[in-house]
Amino acid sequence: MAKYNPAKIEKKWQKYWESKKLYEAEDFSGGKKNFMLLVEFPYPSGDLHTGHWYAFAVPDIYGRYLRMNGFNVMYPIGFDAFGLPAENAAIKNNIHPRDWTKKNITKMSKQLRSMGAGFDWSRQVSTIDPEYYRWTQWIFIQLYKAGLAYRAETLVNWCPNDKTVLANEQVIDGKCDRCGSAVEQRNLSQWMFKITSFADRLIDDLNDLDWPESTKLAQKNWIGRSEGARIEFRITNQELRISVFTTRPDTIFGATYIVLAPEHPLVQNNELGITNYEEVAEYIKQTKKKTELQRQEDKEKTGVELKGLLAINPMTEKEIPIWIADYVLGHYGTGAIMAVPAHDERDYEFAKKFNLPIKEVVLNEEKFIGHANEKEGVLINSNQYDGMSSAEAKTKITQALKEKGMGELHKNYRLHDWVLSRQRYWGVPIPMIHCADCGYQSVEETELPIKLPPLKDFMPADDGRSPLAKAGKWLKVKCPKCGQPAERETDTMDTFVDSSWYFLRYTDPKNEKEFASKENMTKWLPLPLYFGGAEHNTMHLLYSRFITKALRSLNIVDFSEPFLGRRNHGFIMDKTTGHKMSKSKGEAVDPDVEVAKHGADAVRMYFAFMGPYDQNYNWNSEGLLGVRRFLDRVWNFINKQTTNKKQPTTESKEIKIKLNKSIKEIGEQIKQHKFNTGVSGLMKLLNELENESLLVVSCESFVKLLAPFAPHIAEELWQEVLGNGTSIHLEKWPEFDEALLMEESITLVVQVNGKVRDIIKVKRGLSEDEAKTSAMAQENVRKAIADKTVQRVIYILDKLINIVLE
RNA sequence: GCCCGAGUGGUGGAAUGGUUUACACGCACGACUUAAAAUCGUGUGCCGAAAGGCAUGUGGGUUCGAGUCCCACCUCGGGCACCA
């Protein structure tokens with residue numbers, strides 16, 4: 001008998017599967033239910049690392065299980081290939097980003113094949129393929145035409161190192177999520193997607209999704225809906241008003257001053273006639289110098305009063321001072337607040353420092369909870385609203401303001417529109433043309449794709465101009481409206497645009513007329529399940545939901561949520577550094593080396609065995625060895641069974657029961673994505689059967705149970721050892737006999753006063769009296785009872801009997 | 001500060017309110033071997049000679065019975081954060 005040699009058999013079967021097109025899914029497969037098994041597609045960083053293995057190999061178990069249970073499974077794969085890291089690496093290695101990326105894709109495709117996953121390579125997509133990004137551009141144009149994509153000047157995040165604008169989602173703790181540089185605020189004109197117009201639905205529709213609660217919560221917090229009122233404050237002797245947002249309109253009688261953010265439009269020049277404007281301008285200048293990060297770190301409140309101006313509190317009709325201070329943020333709410341120092345911690349600090357009046361208007365024992373005092377109280381010092389609860393006053397006061405034309409109910413969001421312009425080379429060109437006379441015009445759809453020009457000098461610039469501005473010939477076009485000379489938009493799109501719709505393309509990847517036919521989409525979408533990393537909670541997942549909702553509103557797709565189910569995977573950590581493993585950080589474990597040593601099957605199964613799929617783990621080579629030992633034993637076990645000349649014609653009921661039980665349990669475990677206990681179930685089964693003689697059909701069942709986890713060895717044993725002529729991966733998952741399981745004897749736990757005193761083996765379905773008699777007959781039980789009287793007996797059928805004493 | 005999630009052997013972890021520690025790693029001892037590796041077998045929560053007792057972060061509670069449910073606290077991880 002030959003020894004188990006994974007290196008020899010794995011390549012062979014990978015080729016076999018590919019030549020038989022085993023995993024190429026039909027779009028319309030009679031009677032079978034379609035199931036697209038999606039895992040976030042990889043970024044072609046150059047090398048497949050342990051994280052990729054974990055991400056792709058484990059869900060493959062689920063896909064194979066579904067296939068064996070009659071589903072028409074599509075496990076697509078592709079590359080998210082545009083983006084900053086590619087460009088930075090290309091600059092560093094003095095190579096064109098296109099060449100660098102393509103080289104990586106070639107290498108990673110090879111490595112991905114070594115996994116033995118059931119990928120459908122015929123549907124592969126790559127976001128840098130013009131036939132792909134043509135549709136990225138097309139989607140942009142549809143959104144533009146619908147007013148969901150627009151250009152506007154706002155405060156945006158600028159990364160001084162990467163020399164590009166970033167979306168809010170890509171700024172972590174005030175730093176660029178790619179390079180870690182402190183982000184600056186710049187007022188720039190940028191292309192944006194109107195994600196805020198779907199804010200409510202992006203929150204509310206979460207309720208119907210089968211997603212981890214933590215992910216839903218992260219999105220809710222990110223969108224940050226707060227309900228309150230917008231209130232207008234007149235300025236004495238001026239036409240202009242100041243609009244503020246508050247969640248506590250009930251405290252308006254305590255609003256003793258107004259604060260504007262230094263970025264507020266009213267103070268950018270002195271049209272209002274502020275008497276100390278020089279001082280104000282200096283403060284604005286100082287604020288601008290600070291990064292968002294520094295601004296947060298300054299604990300001490302600062303600010304300047306706008307002298308010569310007063311605002312009027314619309315409820316008290318009293319004049320109150322106006323200040324600017326950097327504790328009010330330009331990019332939240334209206335950039336202005338009514339300060340209620342008695343009931344807001346920050347206003348209180350500010351008022352104390354600058355000696356501003358503090359007026360209590362809500363009776364409430366407890367001081368600030370969080371920043372604002374959220375606890376419901378009773379109003380005081382508020383004229384006719386005295387004695388009212390905060391909740392009631394909120395409604396009543398907002399209503400009163402509305403009648404005066406000075407305010408209304410308002411919902412405010414933390415979420416901002418998605419800034420999608422990037423001043424970098426390696427991305428999808430935004431398909432717009434700027435004409436001096438006609439303004440911005442979208443490119444004719446028939447001209448798509450607008451290809452990325454092959455630039456030699458693609459270095460980013462400090463001035464916020466994209467490298468594409470250097471593509472002279474490409475740049476100059478005629479205005480589609482008036483025909484006069486015009487220029488192409490030179491910004492490229494955020495790569496998150498590319499990845500926000502790729503799953504749609506998988507349903508119809510070669511379609512040249514549309515990004516996917518409705519017919520195909522209906523067959524595969526919305527996705528029942530999506531595997532990926534938790535770091536995408538407020539990025540990719542949110543963006544994809546937005547794009548789907550936008551396309552739905554344009555009637556281009558007919559579902560409003562792309563991913564009905566979601567499972568997050570954990571990460572493989574480096575034990576020594578405590579970091580997420582990745583090649584770029586010089587990870588210690590190279591999956592290629594481990595595969596060469598122990599085989600893809602062992603590596604796959606080890607990942608499945610480590611523990612629950614959503615947790616982080618340290619790689620442990622000894623753990624991998626344990627799985628390898630298991631596969632060696634499986635190999636020997638099946639080989640021994642078949643070389644045994646005297647094939648048994650019957651087998652014991654016990655063997656049958658054990659096998660049936662495992663079929664049931666392992667199936668349930670895979671279905672619930674409990675891959676770790678699935679593996680241990682197989683191990684247990686082998687422990688029990690290893691020294692038995694099995695019928696051939698039982699051997700076959702065993703190998704079928706193994707097939708999703710270790711597809712290569714299972715195929716080898718199935719075809720070469722057990723002598724079958726077709727792939728095991730087209731076989732049906734074995735069935736189990738429920739009646740047989742009922743015949744199994746069970747262990748009954750015998751407790752006295754809740755303490756285990758014995759365990760007895762009995763047949764199922766014992767009556768309480770029978771159980772009691774058996775239990776009382778046990779030596780240990782009699783000893784424990786001694787001369788005490790039995791008070792009551794708790795009997796849980798087939799599980800436990802508890803004898804409770806006095 | 002606010003909002004989540006998690007704390008079980010030496011390690012990864014298992015456990016519909018019902019035998020805590022499945023499965024695996026590691027370790028110890030034994031078999032095979034001149035020897036080692038590999039492999040196989042046995043043992044392995046803590047205290048105790050044993051009987052037995054004690055153990056799922058800490059302290060309480062509910063229950064015949066709590067890792068699991070409730071309350072408070074501690075520690076770690078994550079999200080949000082001068083967000084009005």
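Labels below follow one simple rule: chain letters A, B, ... track the order of the sequence lines, proteins then strands, and each chain is numbered from 1. The structure displayed is predicted, hence computed values, not measured ones.
- In the set B:A84, B:C64, B:A81, the nucleotide with an atom closest to the side chain of A:S226 is B:A84.
- One can place CZ of A:F675 at 14 Å from P of B:A14, the figure rounded to the nearest angstrom.
- The aromatic rings of A:F350 and A:W323 sit perpendicular to each other, their planes meeting at more than 60°, with 30° as the lower class boundary.
- Atom OH in A:Y348 sits about 17 Å away from atom C1' in B:C82, given to the nearest Å.
- Each of B:G13, B:G18, B:C54 was ranked by its minimum atom distance to the side chain of A:Q751; first place goes to B:G18.
- In this entry the base of B:G9 is syn relative to its sugar, with a glycosidic angle within 90° of 0.
- The A:K684 side chain lies nearest to B:A22 when the options are B:A14, B:A22, B:C64.
- Atom CG in A:N618 sits roughly 13 Å away from atom P in B:U11 (whole-Å rounding).
- Across all strands shown, B:G9 forms no Watson-Crick or G-U wobble pair with both distances under 3.5 Å.
- B:A15: no Watson-Crick or G-U partner with both key distances under 3.5 Å is found in any strand.
- For A:G611 and A:V756, each mapped to the nucleotide of RNA chain B holding its nearest heavy atom, the one lying further toward the 5' end belongs to A:G611.
- At a threshold of 4.0 angstrom between heavy atoms, the contacts of A:K220 with the nucleic acid are absent.
- Contact annotation for A:I794: base contact, defined as any heavy-atom pair under 4.0 Å involving a base atom.
- For A:K301 against B:C82, a side-chain N or O and a base N or O form a donor-acceptor pair under 3.5 Å.
- Side-chain nitrogen and oxygen atoms of A:N676 include at least one within less than 4.0 Å of the OP1 or OP2 phosphate oxygen of B:A14.
- Picking from B:C64, B:C80, B:A14 the nucleotide with the shortest atom distance to the side chain of A:R792 gives B:C64.
- Looking at A:N157 and A:E184, their side chains never bring a donor and an acceptor atom within 3.5 Å of each other.
- Taking 4.0 angstrom as the limit, A:Y332 places a side-chain polar atom (N or O) nearer than this to OP1 or OP2 of B:A84.
- Using a cutoff of 4.0 Å between basic side-chain nitrogens and carboxylate oxygens, A:D210 and A:K216 are not scored as salt-bridged.
- Here B:U16 is the nucleotide among B:A84, B:U16, B:G79 with the atom lying nearest to any side-chain atom of A:K799.
- Using Watson-Crick or G-U wobble geometry with both donor-acceptor distances under 3.5 Å, B:A38 finds no partner in any strand shown.
- Searching all strands for a Watson-Crick or G-U wobble partner of B:C32 with both distances below 3.5 Å returns nothing.
- For B:A72, the paired nucleotide is B:U58, the pair qualifying as Watson-Crick or G-U wobble because both relevant distances are below 3.5 Å.
- In this structure, of B:C23, B:G18, B:G79, it is B:C23 that holds the atom nearest to the side chain of A:M683.
- Contact annotation for A:V328: base contact, defined as any heavy-atom pair under 4.0 Å involving a base atom.
- For the P atom pair drawn from B:G77 and B:G26, the interatomic distance equals 29 Å after rounding to whole Å.
- Among the atoms of the strands shown, only primed sugar atoms or phosphate atoms (P, OP1, OP2) are found under 4.0 Å from some heavy atom of A:G626.
- B:G26 atom P lies 7 Å from atom CG of A:L625, rounded to whole Å.
- Nearest-nucleotide positions on RNA chain B for A:G681 and A:K674 put A:K674 closer to the 5' end.
- Nucleotides B:G30 and B:A37 place their P atoms 13 Å apart, quoted to the nearest Å.
- The side chain of A:N620 approaches B:C25 more closely than any other nucleotide in the set B:C25, B:A84, B:C3.
- Using Watson-Crick or G-U wobble geometry with both donor-acceptor distances under 3.5 Å, B:A84 finds no partner in any strand shown.
- In this model, a donor atom of one side chain and an acceptor atom of the other lie less than 3.5 Å apart for A:E169 and A:W222.
- In this structure, A:L686 atom CG and B:C23 atom C1' are separated by 12 Å, rounded to whole Å.
- Scanning atom types as modelled, one donor and one acceptor separated by under 3.5 angstrom connect the side chain of A:N802 and the base of B:C64.
- Contact of A:Q615 with B:G13 (side chain to base): no donor-acceptor pair of N or O atoms is detected under 3.5 Å.
- Listed nucleotides: B:A84, B:G12, B:C4. Nearest to the side chain of A:S214: B:C4.
- Pair assignment for B:C27 gives B:G43, based on Watson-Crick or G-U wobble hydrogen-bonding distances that are each under 3.5 Å.
- Spacing between B:G79 and B:A14 at atom C1', rounded to whole Å, works out to 29 Å.
- Pairing of B:G65, defined by two Watson-Crick or G-U wobble distances under 3.5 Å, is not identified with any nucleotide.
- Taking atom CE of A:M610 as the reference point, atom P of B:G13 lies 9 Å away to the nearest angstrom.
- Heavy atoms of A:N687 sit under 4.0 angstrom from primed sugar atoms or phosphate atoms, though from no base atom.
- Taking the six-membered ring wherever Trp is involved, the centroid distance between the rings of A:Y613 and A:F607 does not fall below 6.0 Å.
- A gap of 27 Å separates the P atoms of B:C71 and B:C80, to the nearest Å.
- For A:F702 and A:F637, the distance between ring centers is under 6.0 angstrom.
- The phosphate of B:G26 has OP1 or OP2 within less than 4.0 Å of a side-chain N or O from A:R629.
- Remark: the separation of the P atoms in B:G7 and B:G57 is 8 Å, to the nearest Å.
- Nucleotide B:C40 holds its P atom 11 Å from the CG atom of A:N691, rounded to whole Å.
- Between A:V361 and A:L379 the shortest side-chain heavy-atom distance does not fall below 4.5 Å.
- Nucleotides B:C23 and B:G13 are separated by 9 Å at their C1' atoms, to the nearest Å.
- In terms of phosphate contacts, A:N537 brings no side-chain nitrogen or oxygen within less than 4.0 Å of OP1 or OP2 of B:G78.
- Among B:A24, B:U19, B:A84, the nucleotide with an atom closest to any side-chain atom of A:R633 is B:A24.
- Nucleotides B:G9 and B:G45 have their P atoms positioned 13 Å apart, rounded to a whole Å.
- A gap of 25 Å separates the C1' atoms of B:A6 and B:C54, to the nearest Å.
- For A:N568 and B:G78, the CG to P distance is 15 Å, given to the nearest whole Å.
- If you check the side chains of A:D417 and A:T196, you find a donor sitting under 3.5 Å from an acceptor.
- Within the 4.0 Å cut-off from OP1 or OP2 of B:C54, at least one side-chain nitrogen or oxygen of A:K755 is found.
- Residue contacts shown for A:R628 are absent, as no nucleic acid heavy atom lies under 4.0 Å away.
- In the set B:A24, B:G79, B:A84, B:G79 carries the atom at the smallest distance from any side-chain atom of A:A218.
- In this model, a donor atom of one side chain and an acceptor atom of the other lie less than 3.5 Å apart for A:D200 and A:Y413.
- At a threshold of 4.5 Å between non-hydrogen side-chain atoms, the residues A:I322 and A:F233 do not count as touching.
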